[in-house]
Structures are given as C-alpha cells and as structure tokens.
Novice: 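The following block contains the structure, expressed as structure tokens.
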Amino acid sequence: MNTVKTTAIGVFAVLLFSSGLAGQDYSNVFLPVWADQAWGAGGVTPTGVVWSLDGMTDFDQDGLGEFFLSSSWSGRFGNDAMLYEFTGADSFQIVWYHWFAQLDTSLANYSSIASGDLDNDGLPELIVLTDCYAGQPALHIFEYDPALGAFPAQATADWDLNLPGGVEEAGDIEIANLDSDSRPEILISLFSRNPAAAHLIIAEVEEGSDLSNPVWHVEMDDDSTFSFYSYLVKGTDLDQDGLGELVAVEWNYNRLVIFESTGEDQYSKAADIFTTLESSAFSNDGAAEFDLDGDGFNELFLSSTAGYLWVAVNNGDVSQMSFANNFHLLRDYKTNGGLILTEVKVGNADTPVGQTPDRPDIYLAATDSTGRISLLLDLEYLGGDITDPLNYYDNILFRDSLQGGELFRVSKFGIGNSDNDDAREIVMGSFSLDLNRPHIQVVESVASTAVQPSENHDFPPETFRLRQNYPNPFNPSTTIEFELFRQTEIRLSVYNLLGQKIIDLVDSSLPAGSHQVQWNGRTASGQKAPSGVYFYRLSTASFWDARKMMLLR
C-alpha cells in the first residue's frame, strides 16, 4: 500500500516562480538563435519599445517565414513598423519598413498592428493603428503588391476613423468576421482626443469597394461603456452559436465586456464582468480562445497585469456568464512571484513539425513588479478538469534577470516555423528602453522526442523541496520524501515514459512539514507496473518539480 508520514516544520513566504519538465512527450526546451542589434551597438530599429507583434507568417508564400511588429513610446523619433523575414542560418532581416515620423509624439505615443484581408481580394495587408494629431489618419493599411512582390512603402489606404480630433491612445486592433458576412471586420479599441472618449469600434470595407478607394462602414462605435483605455480587443465565439463576439477589457478592475453579434452589422452588449477589485488592473492583449480539453466547448484564457490567469468556461449563452459561475483562477502570480502578465496565446510550439501533437500549452509573457526578472512562461495542460490548477504544469521557456541597466522585458510574442525545419520558433519583443539590450529575440525548440526532467531545478526553498526516491532502482516499493514549508493543496503523481499518469499517490491538502510517501509499484487499478523508467511529479497550484526513478522486476 501507499502511506504518508508527516513532521511539522517552520513556514516561510513564497518568493519566486519555478519551472521544470515532466509528464509530456516533447521537451519544452528552447534555445536562442537570433537577436536584433541593440541601440548602443548601432541598431536604429525599432525606434521604441515593441508593444505589438504578429507572426510567424509567410505573406509572400516563398517558404520563408515573417513576423510583423510596431514600436511604441518612441518619443521624438516617432513610431515605426517593420516586417522581418527569415534569411537562412537562423537569421532575419527587415524586408518592409515604414516610419510614422509625421504623427503625434507629444504624448506617450502608442501603436498596434494586425494583418488580414479586409477587402477580400486575396492580397494580405499589414495594418497599423497609431496615435495622431487632429486631422491626421489613425489607421494605415499596406496591401501586398504582387507586381512588386512586396508591400508598398506608402499606405494603400488611410482612415481617420471618423475621429477628427485625433487619437490619444491606440489600444488594440484585430481582424475577425463576427457576423459571418462576405467580409471580415476590423475591431478597434482606442481613446480619442477631442472629444475625449474610450471607443470600441467594429467596421468593414463595404462590399463593392476595395482598398484602392475604400468605403468604410462602421457597424458599431461604442464610446460610453468604458471610461478608460482598453488594450485588448478579441474576436471570439465562446458560446459557439455562430454569432461572433468582441471581447474587450478596460484599464481598471480588469473589467471584461462582451458585445455579441445579433445579425449582420448588428451588436449588443451581452456581458459586463469585473474580474478584480484592483484599480489599474487590465489585460494587455492577454486573451486566447481555445477548446483546450476537446469537449466541444471553447474556453477563454484571460490574464491581468495584476498577475492573475483565469479560464472562463462557458457552455451556455455568453449573456449568462458571470465571474462567480464561469471564471476559475488557474494561477496567482501576484502572490507567487509578483509577476505582471501581458500577452496570452495557446499553441503547441514544443511539438516537432510532422509529429503527433502532445498536450496544448498556454504561453504567457511576464515581468515581475520590481523589474528584476522577465519570463516567457508555458503552462502545459495535463488533461482532466480544465478548471483545476493542478492539471497544469509550469515551464520557463525564456528568462532574463537584471544584470545592470534594464531587462529584456518580454512584452509580445509570436509562434511559428520560419525556416520549414522540424522545430518551431518563438519570436519575442521587449518593452525596454535599455540601450545595451536587443529588442527582438528568437528562440527555437530543440524538437526532442524524449521526455527529459529538468536538471536545473530553480525552486525557492521557501516553497517545497522534492527529494530523490530511495531505494532507486527499486523492487517492489520505494520511498519518496518531500518538504512543504506551508500548508497547501498538493498532488504527487507517477508517470511512465509516454507521459501517461500511472497513479496519484497524494491529492489533498497537507500541513507544513516533512512527508514520506511509499509507492508499491502498482497502478491506480492495482496492477503491477512493468519494469522501466518512471517519473514522479509534485505540484501545487503555482509550483512543481519532477524526478526520475527505475522499477526493476
């Protein structure tokens, strides 16, 4: 049988977040392959911090991947936008560039980018939303020119968004077809100057016109719901009724609002939910829609700059959603590490191209509130209840620690395969004004098919400590020891080499202290486990560690 013994010890505060790897088919190890040139070393682009990034994509279909980004907070230099393309030997170069020097730089100038095909003519567009003076256009669209084999240097179309007073804060843009007509909509969040107002706009290029002479149809311009900025607009269909939704989050109390399509060009507010009681908490491009558990219902993964990650589960109409009934806290990085979260994406960057995917991952950009560490985090879903925090384990894919000057602060990122090999890349932008750090970095998966537990456990001793089992190798039983430095819900599980769970040895709240668990070499059904290598994994809601053991029959 499996038994647990405990001994009381002292309690300490949790200081930092941790990482590791176990219970999956592919390694979550990513190695740096490219970075742009720092300003102090002669680099001139981007002119400001990277606050909007899209990719990896292959707009020109030449087999070489691209990523698209724009700068913000560029001061007197003015924001710019650029497209990088893979050039071979793990290197990238700028193949398209535009400098918005003529636009407003008197305030904290922002920009946001997206890509799409607004006029539905088969030609992709690079789309930039910028701050601007009164009388200047805020939206700039560059349509691919097949005769040039490139995007044009000057905008194909500009639009002032019917806001003659200009734009003070370019929040976010996204392309999505919410009402399922023949053309997609552009979703826009911004703060206008005169009159001052927070806008949520849904618009499209009217049927019969194109970007050479566009006629814009504004389907919705809501300027009364929000009082403050929104740095998130997301097109979703959370209730999967065929009617798309615009999801936005206000800069205050992480207030989430959903507008749902009620027919072609028609929208109404369906939900208005405050997710925190903390002022100035908001979501910076921190939402992703995905059916993570494959049950046929989409989930919304939502992060906050306050440090929280929720999953919102909805199997009814979005108008019936509430914080109490639909939102479940997966991670509290505010308490456990003091992390500020920005972008969220769901994907599978660790699976080699052409291989059967392992479990999907949630990727998060994070920087701690003291500005001393920045991370790209990965939560891999283990299966089971999508709302159970213990059904995810944490990895750190990238880390930068303060070593003088400023961090490479991961702000936004994209996932893809720019060089068509078997390993995917992640491109990251930095929200940093440091002269001696790059502002773009690319890391590539090692694309290993072997399960490798972390050899460099970076756990704070104030959280817990997992020790090597003994005896090892063993037959028929072994002892696993661990220490908890505060009372907490924990799960101790055994996995085989395929990442399949064999048995949960502990799944309960345990007091602070030293603990011993016996595993008798049997599965959850009582069958003898065969000889081989196994992993045991100890996890709480925010930390985990894993080690390897061998059973010899």
Side-chain angles (χ1 to χ4, degrees), residues 1-9 18-28 358-359 380 382-384 388-395 448-553:
M1 63 182 295
N2 304 308
T3 60
V4 182
K5 296 193 299 184
T6 66
T7 304
I9 59 174
S18 58
S19 69
L21 174 65
Q24 63 171 335
D25 298 326
Y26 305 114
S27 169
N28 266 310
D358 66 355
R359 300 177 181 95
E380 186 135 1
L382 294 172
D388 185 348
L390 296 181
N391 285 334
Y392 302 80
Y393 64 80
D394 305 84
N395 303 279
S448 171
T449 57
V451 178
Q452 298 289 337
S454 173
E455 296 297 334
N456 182 23
H457 303 295
D458 189 20
F459 290 93
E462 295 83 0
T463 309
F464 64 68
R465 182 177 293 112
L466 180 63
R467 300 190 181 278
Q468 188 64 51
N469 67 301
Y470 64 88
N472 188 39
F474 67 94
N475 181 24
S477 64
T478 189
T479 299
I480 300 170
E481 291 185 346
F482 57 93
E483 299 169 7
L484 302 179
F485 292 87
R486 60 184 172 94
Q487 181 170 339
T488 187
E489 293 278 344
I490 71 111
R491 181 175 294 163
L492 179 64
S493 305
V494 178
Y495 297 84
N496 64 19
L497 270 176
L498 296 178
Q500 299 166 327
K501 185 187 292 187
I502 300 301
I503 189 172
D504 284 328
L505 301 178
V506 183
D507 188 3
S508 64
S509 177
L510 293 180
S514 297
H515 303 264
Q516 288 185 352
V517 179
Q518 302 288 325
W519 183 42
N520 59 11
R522 292 181 179 270
T523 67
S525 63
Q527 302 296 312
K528 287 185 177 181
S531 296
V533 175
Y534 295 86
F535 299 95
Y536 57 98
R537 174 180 180 271
L538 178 66
S539 61
T540 72
S542 299
F543 302 92
W544 71 273
D545 196 3
R547 293 184 183 273
K548 182 166 60 177
M549 58 185 172
M550 181 174 289
L551 172 60
L552 296 178
R553 293 292 185 187

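One-based numbering along the sequence shown. The figures that follow rest on heavy atoms only: side chains count, while hydrogens, waters and symmetry mates do not.
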Novice: Apply side chain to side chain donor-acceptor pair (under 3.5 Å) to Asn475 and list each qualifying residue two or more places apart in sequence or on a separate chain.
Specialist: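 Scan of Asn475 (side chain to side chain donor-acceptor pair (under 3.5 Å), adjacent residues dropped) gives none.
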
Novice: Identify, with sequence neighbours excluded, every residue that meets side chain to side chain donor-acceptor pair (under 3.5 Å) alongside Ser509.
Specialist: Gln487

Novice: Could you check Tyr495 against Leu382 for side-chain contact (heavy atoms from CB on, under 4.5 Å), going step by step and ending with a plain yes or no?
Specialist: CA-CA 11 Å; Tyr495 297 84; Leu382 294 172; 3.8 Å; yes

Novice: Could you tell me which residues satisfy side chain to side chain contact (heavy atoms under 4.5 Å, CB included) with Pro476, sequence neighbours excluded, listed by chain and number?
Specialist: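 Pro476 satisfies side chain to side chain contact (heavy atoms under 4.5 Å, CB included) with Arg553 only.
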
Novice: Could you tell me whether the side chain of Gln468 and the main chain of Lys548 form a donor-acceptor pair under 3.5 Å?
Specialist: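 Looks like yes, one N/O pair under 3.5 Å.
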
Novice: With side-chain hydrogen bond (donor to acceptor under 3.5 Å, both in side chains) as the criterion, how do Asn520 and Ser477 come out once you've worked through the C-alpha distance, each side chain's angles and the decisive distance to 0.1 Å?
Specialist: CA-CA 4 Å; Asn520 59 11; Ser477 64; over 6 Å; no

Novice: Would you give the length of the straight line joining atom CG of Asn469 to atom OG1 of Thr478, rounded to the nearest 0.5 angstrom?
Specialist: 4.0 Å

Novice: Under 30°, 30 to 60°, or over 60°: which ring-plane class applies to Phe482 and His515, parallel, tilted or perpendicular?
Specialist: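 Plane angle under 30°, so parallel.
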
Novice: Passes side-chain contact (heavy atoms from CB on, under 4.5 Å), Arg547 versus Ile480? Steps please.
Specialist: CA-CA 10 Å; Arg547 293 184 183 273; Ile480 300 170; over 6 Å; no

Novice: Under the side chain to side chain donor-acceptor pair (under 3.5 Å) rule, collect the residues that match up with Ser531, sequence neighbours excluded.
Specialist: none

Novice: Would you call Ser493 and Ile503 a side-chain contact if the rule is heavy atoms closer than 4.5 Å?
Specialist: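 No, too far: nothing below the 4.5 Å cut-off.
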
Novice: So does Gln518 get a backbone contact from the side chain of Thr479, meaning a donor-acceptor N/O pair under 3.5 Å?
Specialist: no

Novice: Any chance you could measure Leu510, atom CG, to Leu492, atom CG, to the nearest 0.5 Å?
Specialist: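 With rounding to 0.5 Å, CG (Leu510) is 9.5 Å from CG (Leu492).
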
Novice: How far does CG of Asp504 sit from CZ of Arg537, to the nearest 0.5 angstrom?
Specialist: 10.0 Å

Novice: Taking the side chain as everything from C-beta on, heavy atoms only, tell me whether Arg467 gets closer than 4.5 Å to Glu483.
Specialist: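 Answer yes - side chains close enough.
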
Novice: Restricting to ring pair (Phe, Tyr, Trp, His ring centres under 6.0 Å), what partner residues turn up for Tyr470, sequence neighbours left out?
Specialist: none

Novice: Are any of the side-chain heavy atoms of Arg491 and Asn391 separated by less than 4.5 Å?
Specialist: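 They are in contact (side-chain heavy atoms under 4.5 Å apart), so the answer is yes.
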
Novice: Within the 4.5 Å heavy-atom criterion, are Trp519 and Phe474 side-chain neighbours or not?
Specialist: yes

Novice: Under the side chain to side chain donor-acceptor pair (under 3.5 Å) test, which residues partner Thr523, sequence neighbours left out?
Specialist: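 Residues passing side chain to side chain donor-acceptor pair (under 3.5 Å) with Thr523: Ser525.
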
Novice: Minimum heavy-atom separation for Asn395 and Glu380, please, with both atom names.
Specialist: ND2-CB, 4.5 Å

